[in-house]
Structures are given as C-alpha cells and as structure tokens.
Amino acid sequence: MLKIYNSLSGKKEVFTPLNEGHIGMYVCGPTVYSNVHLGNCRTFMSFDMIFRYFKHLGYKVRYVRNITDAGHLVDDAEDGEDKIAKKARLEKLEPMEVVQRYTVDFHSILQKFNFLPPSIEPTATGHIIEQIEIIKDILEKGYAYEINGSVYFDVTKFNEDHAYGKLSGRKLEDMIANTRELTAQDEKKSPQDFALWKKAEPQHIMRWPSPWGDGFPGWHLECTAMSTKYLGDTFDIHGGGMDLKFPHHECEIAQAEASNGRSPVNYWMHANMLTLNGKKMAKSTGNSLLPGEIFSGDNAILSKAFSPSVVRFFMMQAHYTSILDLSNDALLASEKGFHRLMDALQILKSLESGKNSDFDVTSWKQKCYDAMNDDFNSPILIAHLFEAVKHINAIKEGRESISEADKALLEATISSFVFDVLGLENKSESEAGTDKLASVVELLIQMRKEARDNKDFATSDKIRDQLAEMGIQLKDGKEGTTFSVS
RNA sequence: GGCAUCGUGGCCGAGUGGCUAGGCACAGCUCUGCAAAAGCUUGUACAGCGGUUCGAAUCCGCUCGAUGCCUCCA
C-alpha cells in the first residue's frame, strides 16, 4: 500500500489512482532562460525517482514535464517583462535562441544525472491555442475580465464561490490586508488578480494574435493548459518545487476550477529546497553552484569534483520533503558511502553461495518496499541497502553464507533498487569494465603478489602507490587482491 | 509583518509518545610485511522555556533561529 504526502490535505494519504494501473503525473518544468539551477535539479530528481518507482511497481505512467519558453514574467506588475524576452534582449539573441540554448543545457545536465525522459515534454509556445481557449472559457464563466488588451483572473470573484488559497493555507482577506498598495497605474482590479493574457507592447518580440489583440499568455496558464490537455480535467499527481506552491500552483487550481468546476489534481506533491552551506543559493551573494561546476570541480566552494552519481546519491539520502543542505563535507561523506555500496554490488556478483542463508533476504526485500511505499522514503531504503552491504561483506569473509536462491533474489532486488529506482550508475564499473584495463591491472596485481612473496616490498608498494595515483585502488583480502577505479 | 515548512549526537540526515535508523568522521581491536580495504566494538543526540502524560525528543503553548512564499532570484 503506497502512501503519499498530499500538500493539499497536509497528510499522508493512501494512493489510489484514478484509473487502476495507470498514473497521470505532471511536474512543472524549468523556465529556460539560464542554466538549470541545482535546486531545480533536486526537484526534478525527486520526481524522476518517483516516476521510476511507479514504473518499477508496474504502473503505466504518463509523466508530463513542460518547458516554459514564454510567459514567465519577471514581475507581475504593469511593466512585466517575459524572462525569456529579457534574456534575449540582454544577450542580443532571438528569444528562440535563448530557449534552444538553455533547453539543450537542461537536457544535457539531466542526462548526466541519469534522468529518465518524461513521456511528454510540451512547450508553452506550442500550446498558445489551448491557453486562449481556456481564457475564453474562464471569461465566459465570469471569473476573468479584459482590460486594455490584457485579461486578468478575478480572484475576488472566484473566492466568492471557491476557496482561493486552499493549497498554500492562505486566506484572501489576509492577503489583501498584507498587500502593499497598488502601483498607481495598475490596471488590475485587485493586486491578487493575476494575468491570463498580457497585451504585447509594440517593442515586445514574443507575441501571438488573440481575440484581445496581440499578446502572450500568463505563466500560470500554460501548466493548466498542458496538464489538462494530456492528462485530463482531473489527474492523479501534480508536482513541483515548494517555491511554486504559491502563487503558481494556487493559480493553477483556480484556473482549472474556474473553467471546469472541478479540482484538477488529486495529489499535490512538493519537493523541498536545497541549501548550500546552510544558506539559500543566490547568485547575488556568491552562494551558488551550477551542476556543471560540481562535475568539473571548477568552483570556489567544493574541494574537488564530484560525479553526477555521487550528487544523485547524496540527494537520494534525504527525503524529498526535507530541506537538504549541500556542503563539501556532506558530498565527501556521500562519495565514500556511494563507493562502499557500489563495491558491495561488485562483490555480490562473485559471491559463492552455500547451503543455507544467514540473511533473510525475503523480509529484507519487504522492508525496502515498505520504505518506498511510505511516501518514497529513499533514505530509509538506502539504510536497508547498507544492511545488505554488511551481509555481503560478511559472506565474502566467510562469516555468513547465503543460498543460491537467496543470492539470486538479493542480486535482482538490490540492482533494481539501486539502478532502476534510485537511478544510480556505477561509473567506475563502466570505466573499469573495459576488459583491457582489467586485464592490465590483473597483471600488475600478479606481479605485485610475486614481489610480495619475495619480500620485495619496495616493488610491491611502488605498484600499489602508483596505481593509487592513477585512481586505481588495490584491496587485499582473504581471497586475493581486487581493485576499484574511482 | 503575514502564511508555510522545519530546528536531531563532530558532520549529513531518518524516525517516533515508552523498544538499534543509516552514512561519514573519530577511537580501540581483528586482518596485513606496512598500509588501504573489509569486519567487530564504542556514542544515550533530538534548539530553549513552560505545559499535558505513568512516561515526550515525539502532543500543546511561547521564545529564538533557519528555509520558502507573500516581492526579481529554483
């Protein structure tokens, strides 16, 4: 029985999909006006893991994650400028050049992190017509008004017969009480109202024709248009970063309820933020890291480069609803733990099975599922994986044994959780996996053994130390010497 | 200022009204020519102050602090 923490109710709820065996999931994707933010990666990674687990359980999942390539305003005021258009103006590029450049960056980073591609990755600009249709609908229902070629959602009107603020726990009256005075020339009736369609000023490059004149859609609308188009008026899961809860997701609910009278989403899921050295990431203070800067080591914050798998493992060690703090020490610790896990996986392959098992693999497997079924508790899953690591090492040293059947079950289970669900990759294995390197190292190991047998420790240590410098670590064990590549 | 989430041992991080999280680091031991790796052993922590309770770190209140949103920043 799978339980999910639903942000809408504030409780863990038993997950029941609308259609048995099928899941519709929408996650708000990036606005492609700059390199993808590391915190953003964490959010997407959490949902990648969730997507993977659903698939692992055998669900047919339609996972929609959009690309925002228009409509995300720099601010919601009268002079609101589209983020893409602004960047294009600053860099003297065509807006679509900006979109293309950062979409490519986004995909390449996600690929390094071993993300599964979503089922559909729609763009806002590809769904202008759908957005216009929804605006027409909302206007007809009386929850929006047109003024000077722009259309705004009438939050006050909507709140009369719906609950605006139910997701974020806000009350409209409180919001009004806490709002600063309107800028003098604001055309909105109330500061809480938000744009469904913005009139394009003559100099504005990104523009589309509409019944209200040339303009562009509001940011909140695209997600409503694309999610309902591909997943239906009501669908199972809507996810995104905690920062999107208000106003973005709140507005999505309002738009959907205004146009078709029904709550659009059964389970709202929000991934929590990533901090850096205990503080929020912000370019302005220098407390900021790009994913690429972690992989290359080219940054002033970390002592060395870390592989995407290590970063992924680090993130999977925290629950997706907790704030996670990234630091050099934390990554160093994760790197060691990650290698220990990967080494154990390697050892498992060559383990000799015995008559009986000292390790109850079946109940261990159940505990792994219990952890994941409890709101995707990946840190608990990882704790269980390390329990298996202990047993694997004990079996290797002959202190415990495992039956043929249990060994096969353990191998299948652990690799499906590590690789399929958590999405980790054993990079060192694939690099060391080239047979030639392996046989060269085996040769060196053999030569070192001969030197050691002859008590020629100068030679044996030279082999060991020089290989270590190349990142190849020799490990002497009871059954001989093995190696790992870092 | 308002709303929200949270505050756990040296570090990162789970969890929970009474029973071992886990990883990393540290120390001792085993193994080793010496190391490394691996294994074993050791840590009584839960922001502070009150309250509820037979019993709270876990529930309630207040205080302090962090993060998010309310305002451009994921």
Side-chain angles (χ1 to χ4, degrees), chain A residues 7 10 28-31 34 36-44 72-77 80-81 83 86 165 167-171 174-180 191-192 240-250 270-275 278-285 288 313-314 317-319 321-341 343-344 347 371 374 377-387 389-390 392-394 396-400 451-453 455-457 460-461 464-465 468 473-478 481-484:
Chain A
S7 306
C28 295
T31 303
S34 69
V36 63
H37 187 108
L38 188 62
N40 227 172
C41 288
R42 184 193 178 201
T43 298
F44 299 138
H72 194 167
L73 298 181
V74 169
D75 64 61
D76 209 11
E81 188 175 12
K83 281 185 174 179
K86 183 183 177 191
L167 178 65
S168 53
R170 287 158 208 247
K171 289 196 165 60
D174 297 343
M175 283 187 254
I176 292 167
N178 283 305
T179 311
R180 288 159 209 182
Q192 279 67 44
M242 200 73 104
D243 52 330
L244 299 181
K245 207 170 179 182
F246 187 89
H248 185 56
H249 292 331
E250 203 70 74
H270 290 95
N272 218 139
M273 301 294 109
L274 181 72
T275 56
K279 298 208 175 83
K280 73 164 173 169
M281 287 197 213
K283 273 180 212 156
S284 52
T285 61
S288 165
F313 180 74
F314 163 75
Q317 272 185 300
H319 189 78
T321 56
S322 301
I323 293 176
L324 173 63
D325 186 48
L326 185 141
S327 65
N328 196 244
D329 286 350
L331 282 178
L332 247 20
S334 286
E335 185 172 54
K336 289 212 171 188
F338 176 67
H339 286 315
R340 188 160 163 245
L341 178 63
D343 287 350
I347 291 164
D374 184 17
N377 202 325
S378 56
I380 294 290
L381 170 66
I382 289 172
H384 292 324
L385 294 178
F386 277 105
E387 192 193 328
V389 168
K390 281 199 176 204
I392 289 167
N393 287 322
K396 178 195 165 203
E397 296 194 346
R399 287 180 291 110
E400 289 184 15
R452 290 175 73 198
D453 288 345
K455 305 241 185 283
D456 179 7
F457 297 123
S460 69
D461 287 354
R464 181 176 74 195
D465 296 343
Q473 193 195 28
L474 299 186
K475 297 171 185 175
D476 296 327
K478 282 230 160 44
T481 302
T482 56
F483 71 98
S484 68

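Quick note: numbers below take in every heavy atom, side chains included, and nothing from hydrogens, waters or symmetry partners.
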Distance, C1' atom - from B:A56 to B:C46, rounded to whole angstrom: 11 Å
Taking the side chain of A:P247 as its heavy atoms from C-beta onward, which of B:C69, B:C34, B:C12 lies nearest to it? B:C69
Which part of the nucleic acid, if any, lies within reach of A:L324 when heavy atoms closer than 4.0 Å are counted: base, sugar-phosphate only, or nothing? sugar-phosphate
Within less than 4.0 Å of OP1 or OP2 of B:C24, is there a side-chain N or O belonging to A:R340? yes
What nucleotide among B:G39, B:G23, B:A14 has an atom nearest to a side-chain atom of A:A333? B:G23
Using 30° and 60° as the class boundaries, would you call the ring planes of A:F386 and A:F313 parallel, tilted or perpendicular? perpendicular
For B:C60 versus B:C24, give the span between their P atoms, rounded off to a whole number of Å. 35 Å
Please state the C1' separation for the pair B:G22 and B:G55 - nearest whole angstrom. 27 Å
May I ask you to decide whether A:R340 forms a salt bridge with A:D343, counting only side-chain N to carboxylate O separations under 4.0 Å? no
Reckon A:K280 touches a base, only the sugar-phosphate, or nothing at all at heavy-atom distances under 4.0 Å? base
What one-letter contact string describes nucleotides 5-10 of chain B from 5' to 3', where B marks a base within less than 4.0 Å of any protein heavy atom, S marks contact via sugar-phosphate atoms alone, and - marks no contact? S-----
How long is the line joining NZ of A:K475 and P of B:A36, in whole Å? 14 Å
Counting only N and O atoms by type, is there a donor-acceptor contact under 3.5 Å from the side chain of A:S334 to the main-chain atoms of A:L331? no
Would you say that A:L326 contacts A:L38 through its side chain, given a criterion of any heavy-atom pair below 4.5 Å between the two side chains? yes
Of all the choices, B:C24, B:U67, B:G68, which nucleotide is nearest to the side chain of A:D243 once you look at every atom? B:G68
Secondary structure of RNA chain B per the Watson-Crick/G-U criterion (both distances under 3.5 Å; [ ] crossing, | other strand, . unpaired) is (((((((..(((.....[...)))..((((.......)))).....(((((..]....))))))))))))....
May I have the distance from A:L274 (atom CG) to B:A66 (atom P), rounded to whole angstrom? 18 Å
Kindly say whether A:S168 contributes a backbone atom to a donor-acceptor pair with the side chain of A:E250 at under 3.5 angstrom? yes
Under 6.0 Å from the NZ atom of A:K336, do we count more than 12 heavy atoms belonging to anything else shown? no
Need one value for A:S460: base, sugar-phosphate or nothing, where a base atom within 4.0 Å counts as base even if backbone is also close, heavy atoms only. base
Verify the distance criterion only: is there a donor paired with an acceptor across the side chains of A:T481 and A:D476 at less than 3.5 Å? yes
Interatomic distance where CD belongs to A:Q192 and C1' belongs to B:G2 [whole Å]: 12 Å
note: A:H249, atom NE2; B:C70, atom C1'; distance rounded to Å ~ 16 Å
Has the side chain of A:R464 got a donor or acceptor that lies under 3.5 Å from a partner of the other kind on the base of B:A35? yes
If you measure from the C1' atom in B:U58 to the same atom in B:A14, how many Å do you get, rounded? 14 Å
Same-atom distance (P) from B:U20 to B:U41, integer angstrom: 15 Å
Taking the P atom in each of B:G10 and B:C6, what is the distance between them to the nearest angstrom? 24 Å
Nearest heavy atom decides the nucleotide; on that basis, is A:K396 or A:K455 closer to the 5' end of RNA chain B? A:K455
Measuring from the side chain of A:D461 (C-beta onward, heavy atoms only), which nucleotide among B:G68, B:G13, B:G33 has the closest atom? B:G33
Nearest-angstrom distance from the residue atom CG of A:L167 to P of B:G68: 19 Å
Does A:R452 reach a base, just sugar-phosphate, or nothing at all? Heavy atoms under 4.0 Å. base
Given B:G22, B:C34, B:A74, the nucleotide with the shortest approach to the side chain of A:K83: B:A74
Classify A:N377 by what it touches in the nucleic acid, base, sugar-phosphate, or nothing, heavy-atom distance under 4.0 Å. sugar-phosphate
Pair of N/O donor and acceptor under 3.5 Å linking B:C70 base with A:R170 side chain: no
Looking at the base of B:G33, is there any donor atom on it, or on the side chain of A:D456, that sits under 3.5 Å from an acceptor on the other one? no
Length of the line joining A:F314:CZ and B:C12:C1', which is rounded to integer Å: 7 Å
In whole Å, I'd like the distance from the CE atom of A:M273 to the P atom of B:A4. 17 Å
May I ask you to test the A:H270-A:T321 pair for a side-chain heavy-atom distance under 4.5 Å? no
Checking the side chain of A:R42 only, and the main-chain atoms of A:G241 only, is there a donor and an acceptor separated by less than 3.5 Å? no
Regarding A:D325 and A:T275, do their side chains bring together a donor and an acceptor under 3.5 Å, going by distance alone? yes
Check every strand shown and say whether A:F246 touches a base, only sugar-phosphate, or nothing at a heavy-atom separation below 4.0 Å. sugar-phosphate
Under 4.0 Å between any heavy atoms, over every strand shown, what does A:G39 touch: base, sugar-phosphate, or nothing? Just pick one. base
Taking the P atom of each, how far is B:G15 from B:C70, in whole Å? 28 Å
For a quick check of understanding: with a heavy-atom distance under 4.0 Å over all strands, which category does A:N393 fall into, base, sugar-phosphate or nothing? sugar-phosphate
How close or far is atom P of B:A38 from atom NZ of A:K390, stated in whole angstroms? 12 Å
Given B:G39, B:U67, B:G23, which nucleotide is nearest the side-chain atoms of A:F386? B:G23
Write down the distance separating the P atoms in B:C64 and B:C54, rounded off to the nearest Å. 32 Å
Is a donor-acceptor pair below 3.5 Å formed from side chain A:D476 to base B:A35, judging by atom type as modelled? yes
Can you tell which of B:G23, B:C12, B:A21 lies closest to the side chain of A:D325? B:C12
